[in-house]
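What you see below is based on every heavy atom in this structure, not just the backbone, and it leaves out hydrogens, waters and symmetry mates. Every number for a ligand or one of its atoms is a count from 1 in the order of the listing.
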Amino acid sequence: MRLNFNYAKESLPISLEEREKLAEIKERLEKKEAMLDWLDIGTCVSQETLIQIEELSKKIRSSCELFLVIGIGGSYLGSKAVIDGIRPYFSEEKPEILFAGYQLSASYLVHLLEYMKGKKVCVNMISKSGGTLEPSITYQKIYQYMKENFQDYQERVIITTSPHQGKLRDLAIQENLTILPIPEQIGGRYSVFTPVGLLPIAVSGIDIHQLLEGAKSERNCFDDSMQYALVRKHLEESGRVVEAITFYEEKLSSLASWIQQILAETQGKEGKGILPIINPNTTNLHSIGQYLQEGRPIVFETVIQVEKTEDIPLKEYKITMNELNHLVLNQVAIAHKQVALPSIIITLEELTPYEIGKLLYFFQLSAAIGGYLLEVNPFNQPGVEAYKQLVNQELLKSG
Ligand code: PA5
């Protein structure tokens, strides 16, 4: 993984105050303050749980055609990012992996229940709090279906939740279901390397050891994550308050959603933070690309580039299609530089579990450092609670 700031001059200089602040942040990370257990893979997942995940995934892969992951926000975005990033397009590989409980579309649930009919289904319900509205509602309906349709339903439903408390944990114990633990000191959006991400990823057949090795290799790369956080801070201060998370490889679409979540929920609070938007290219060069080039100068872009992919030769241009995609990426960065729109380019050699593990860890670390630089709490999401309380008030009235 390589970072290129050539198209963004805002990286330097670093003020004395910032230097001191960064030294202080480094110390907080080294001391592993509260909610920082994601820093070490060993505290994301114990050896014992890792073995349990491997055994469960083997069993699921041999007995199940459809694996359903129920969760919202940090409880599903990480595994979806890795699975969509690695699994081939249009794959018929079994088990098929579907996600639910990340929205409240009744129509989606009706169609899903219909689609499940006659298939060998396994379910992974994921919620740290155990009480989030969208996955809870979905789970009730899916669990009822599992009970009605599978004699061995207790073998087919796995609950990933807090190891010590919560409604979901109590329910799982009561129903004699397998429970995987989410460490207390790890928040949802930082949980991709815990059982939250690992079980669905392992079920998809992706090598979770390589993913974790990639993450571990970034553990001491504070400087890269720090530099990205600092450049973003400088850009925000210069009025660039929107970040286009840009990618030219469709497989990165879910990864961009994960990046959007970790940056927005970590830093968008107390009237501060950059608004990350997802920008698939070259698709968006024909829509919001116009705004980026000539609209209000409030945007910068972070481009995720993948060097090697499957490829097709284009005889008429004497280059390959992947080379053409890179050519467009570079020319867009130049066109943006001409109008002073900064681009940061992050290059992955290939979409492998190892490289994706590195990238996810890099963003986790950088998001947290950026939160500390803004002097906000990187690990809460009080703004999300606001809507939940208002919904609950109304539900109490009608219930
Ligand atoms: O990052 C976070 O903490 C959130 O996005 C949560 O993951 C999300 O709200 C789901 O919460 P829970 O796992 O408690 O259902």
Item to complete: Before giving the answer on side chain to side chain contact (heavy atoms under 4.5 Å, CB included), spell out for Leu133 and Lys388 the whole-Å C-alpha distance, their side-chain angles and the decisive distance to 0.1 Å.
Response: CA-CA 8 Å; Leu133 183 69; Lys388 285 190 192 168; over 6 Å; no

Worksheet item: Taking it one step at a time, do Leu98 and Met116 satisfy side chain to side chain contact (heavy atoms under 4.5 Å, CB included)?
Response: CA-CA 10 Å; Leu98 290 180; Met116 283 161 64; over 6 Å; no

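Within the cation-pi definition used here (under 6.0 Å to the ring centroid, within 45° of the axis), Lys251 qualifies as a partner of Tyr89.
There is no side-chain donor-acceptor pair under 3.5 Å between Thr309 and Glu249. Between the side chains of Glu54 and His209, at least one donor N or O sits under 3.5 Å from an acceptor N or O.
Under the side-chain hydrogen bond (donor to acceptor under 3.5 Å, both in side chains) rule, Thr347 has a single partner from His326, Gln305, Glu355, which is Gln305.
Listed by chain and number, Ile72, Gly73, Gly74, Ser75, Ser127, Lys128, Ser129, Thr132, Gly188, Arg189, Gln261, Glu265, Gln381 each place a non-hydrogen atom less than 4.0 angstrom from ligand 1.
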